[in-house]
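Worth saying up front: this structure is predicted, and the values here are computed from it rather than measured. Lettering of chains follows the sequences in order, A, B, ..., and the numbering in each one begins at 1. Side chains are part of it too, since the values below use all heavy atoms of this structure and drop only hydrogens, waters and symmetry mates.
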Protein chains: 2
Amino acid sequence: MGKLAAGALVDALRATILDGGLRPGTRLDETRLGAQFEVSRNTLREAFRVLAHEHLVEHLPNRGVFVRRPSVREARDVYETRRLLECGALREAAVRRAAWCGEPDPDGSTRERHLQHHWETSVLAVVDAAERGWRASESGDWDEVGSANGQFHLALATLADNDVILRTLRSLVTEMRLLFLVVAAAREVHEPYLEDNRRIASLVASGELVRAAILLEDYLLRAERHLVGLYATHTLDGRAVEPRS
Amino acid sequence: MGKLAAGALVDALRATILDGGLRPGTRLDETRLGAQFEVSRNTLREAFRVLAHEHLVEHLPNRGVFVRRPSVREARDVYETRRLLECGALREAAVRRAAWCGEPDPDGSTRERHLQHHWETSVLAVVDAAERGWRASESGDWDEVGSANGQFHLALATLADNDVILRTLRSLVTEMRLLFLVVAAAREVHEPYLEDNRRIASLVASGELVRAAILLEDYLLRAERHLVGLYATHTLDGRAVEPRS
DNA sequence: CGCCGAGGATTGTTCAACAAGCCGTCACCT
DNA sequence: AGGTGACGGCTTGTTGAACAATCCTCGGCG
């Protein structure tokens with residue numbers, strides 16, 4: 001193990017869960033997982049606390065921690081929240097950009113340079129994520145498509161230069177991967193939106209942030225309905241249908 | 001101690017921090033705090049993990065955990081995020097309410113009754129929090145005003161009936177209390193907005209959610225500028241000025 | 001058929017120990 | 001004097017064992 005076992009353990013467990021190695025509903029046995037990851041029960045418990053706070057895992061007192069199985073309700077709530085944050089981020093980015101793009105940059109202060117640089121790298125990240133997702137879909141790598149899609153939305157949020165929005169959205173995006181896991185149809189979930197991602201990216205690249213925001217809002221509304229529909233197929237009244245472990 | 005020491009410990013530590021018992025910048029010594037709260041070093045570390053995830057505390061590897069000292073940047077980011085979430089929540093509540101208020105409620109399904117009940121209790125909570133803050137200000141209890149203000153904004157978010165928005169906002173509201181702590185001028189921070197709270201509450205009570213959202217947006221923009229200004233008074237270039245412990 | 005209790009298994013928490021990393025100190029060298 | 005580097009103490013990071021408390025299962029009993 002690299003140093004700092006606890007932190008690394010959190011990453012390892014999160015990755016295992018999101019890769020399907022620990023399916024929703026599974027109980028995370030302290031002694032068994034401790035042996036598997038070669039850490040003590042105590043450090044394992046520390047990791048559980050943060051995963052629980054990330055809502056990847058649910059802690060039932062005296063019963064253990066379980067991989068969470070989000071309800072349709074939660075799917076809806078996550079999409080609605082993303083819509084507020086992502087579209088809001090784009091609009092905030094728009095007004096902020098207008099504010100310092102209007103000024104003729106008199107002496108090019110270091111702050112100005114910093115903003116300029118941040119903007120350029122962010123736009124690049126947006127375009128890059130959209131392209132990566134597109135290419136991955138052509139080679140049929142739907143895991144990579146999912147990952148690129150997450151990066152894409154985080155890159156959009158980065159435009160607003162707001163760390164709180166970013167970290168909140170990061171948490172929501174990883175929670176989304178849990179949602180996709182219970183629906184288990186990566187292709188169907190991502191394919192319809194690859195086109196939208198590219199259009200949004202090109203709007204962002206040409207500085208038309210408000211139009212990007214409008215398109216994104218519609219996009220997220222469609223995606224929400226889509227996923228909720230899939231949930232109806234694979235689940236029963238909000239509770240995922242899966243055999244007990 | 002009541003059962004489940006770890007969970008209770010988190011609450012106790014959070015309360016201690018927000019009451020000023022552990023000032024921003026303080027290092028949380030594991031053995032000392034362990035003795036003080038009569039818990040082992042291990043459970044203390046579990047509590048640290050969740051406080052760190054709540055951004056009340058900062059964990060520097062091999063150096064310890066410290067009560068966080070938010071920067072102006074973070075103050076700005078938190079306000080911006082609140083603006084997106086709270087105003088968005090009001091607007092979502094508006095469309096959702098319009099959707100099922102338009103329907104003449106044919107058979108009064110149990111779902112309808114549930115929504116109706118949720119709406120009424122939420123509105124009550126909004127009005128109540130606004131009134132409680134107002135009364136507390138008359139008796140000069142500025143701690144209570146701060147608490148009531150937090151409740152008020154959480155109650156607003158409750159209107160949208162979205163758990164994700166609610167829990168996100170809850171986290172932001174407690175982080176705000178950290179911000180107020182470093183500025184340490186509860187009266188100046190809260191007094192100008194008591195009036196706004198009441199007006200927003202009455203708009204909500206009469207169902208004019210969109211107008212409430214507009215007023216709230218302006219409110220939060222003013223509050224943001226206000227707090228950022230206070231920060232300039234008490235701090236230097238984004239870093240709080242305080243003697244090392 | 002359902003209630004109930006014993007027993008086993010798992011979690012919750014503590015303690016003592018040790019490795020590893022940070023920090024202040026102080027002697028030493030230029 | 002001032003920089004520098006090794007030393008040693010203190011704190012964190014992690015472990016393993018131990019024990020109490022709680023839950024679940026399973027079998028017996030009414």
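A salt bridge does not link A/Arg170 to A/Asp163: none of the charged side-chain nitrogens sits closer than 4.0 Å to a carboxylate oxygen. Using a cut-off of 4.0 Å between Lys/Arg side-chain N and Asp/Glu carboxylate O, A/Glu74 and B/Arg167 are scored as salt-bridged.
Residue side chain B/Arg41 does not reach the base of D/dT11 through any donor-acceptor N/O pair under 3.5 Å, judged by distance alone.
When distances run from any side-chain atom of B/Arg63 to the nucleotides C/dT11, C/dC23, C/dC15, the shortest one goes to C/dC23. The B/Glu30 side chain lies nearest to D/dT12 when the options are D/dG16, C/dT14, D/dT12. Set against C/dT14, C/dT11, D/dG13, the side chain of A/Leu4 has D/dG13 as its closest nucleotide. Closest approach to the B/Asn42 side chain among D/dG16, C/dT13, C/dT10 is made by D/dG16 (side chain taken as heavy atoms from C-beta onward).
Note on B/Asn62: only backbone sugar-phosphate atoms sit closer than 4.0 angstrom, heavy atoms only; bases stay farther off.
Residue A/Leu33 contributes atom CG, which lies 17 Å from atom C1' of D/dT15 at whole-angstrom precision. Taking atom CD of residue A/Glu46 and atom C1' of nucleotide D/dT12, one finds them 11 Å apart after rounding to whole Å. One can place CZ of A/Arg49 at 13 Å from P of C/dT11, the figure rounded to the nearest angstrom. Counting to the nearest Å, the C1' atom of C/dC22 and the CG atom of B/Leu60 are 12 Å from each other. Atom CD in B/Glu38 sits about 10 Å away from atom P in C/dT14, given to the nearest Å. Between B/Asp29 atom CG and C/dC22 atom P there is a gap of 17 Å when expressed in whole angstrom units.
Dashed line: the shortest gap from a side-chain N or O of A/Arg45 to OP1 or OP2 of C/dG12 is under 4.0 Å. A/Arg27 has a side-chain polar atom (N or O) that falls below the 4.0 Å cut-off from OP1 or OP2 of C/dT11.
Counting heavy atoms from C-beta outward, A/Ser147 and A/Arg132 have side chains that approach closer than 4.5 Å. Residues B/Val123 and B/Trp119 have side chains in contact (heavy-atom distance under 4.5 Å, counting atoms from C-beta outward).
Residues B/Gly64 and A/Leu44 both approach DNA chain D. Their nearest nucleotides, taken by heavy-atom distance, put B/Gly64 toward the 5′ side. Nearest-nucleotide positions on DNA chain C for B/Thr43 and A/Val65 put A/Val65 closer to the 5' end.
Ring geometry, B/His53 versus A/His53: the interplanar angle falls from 30° to 60°, so the pair is classed tilted.
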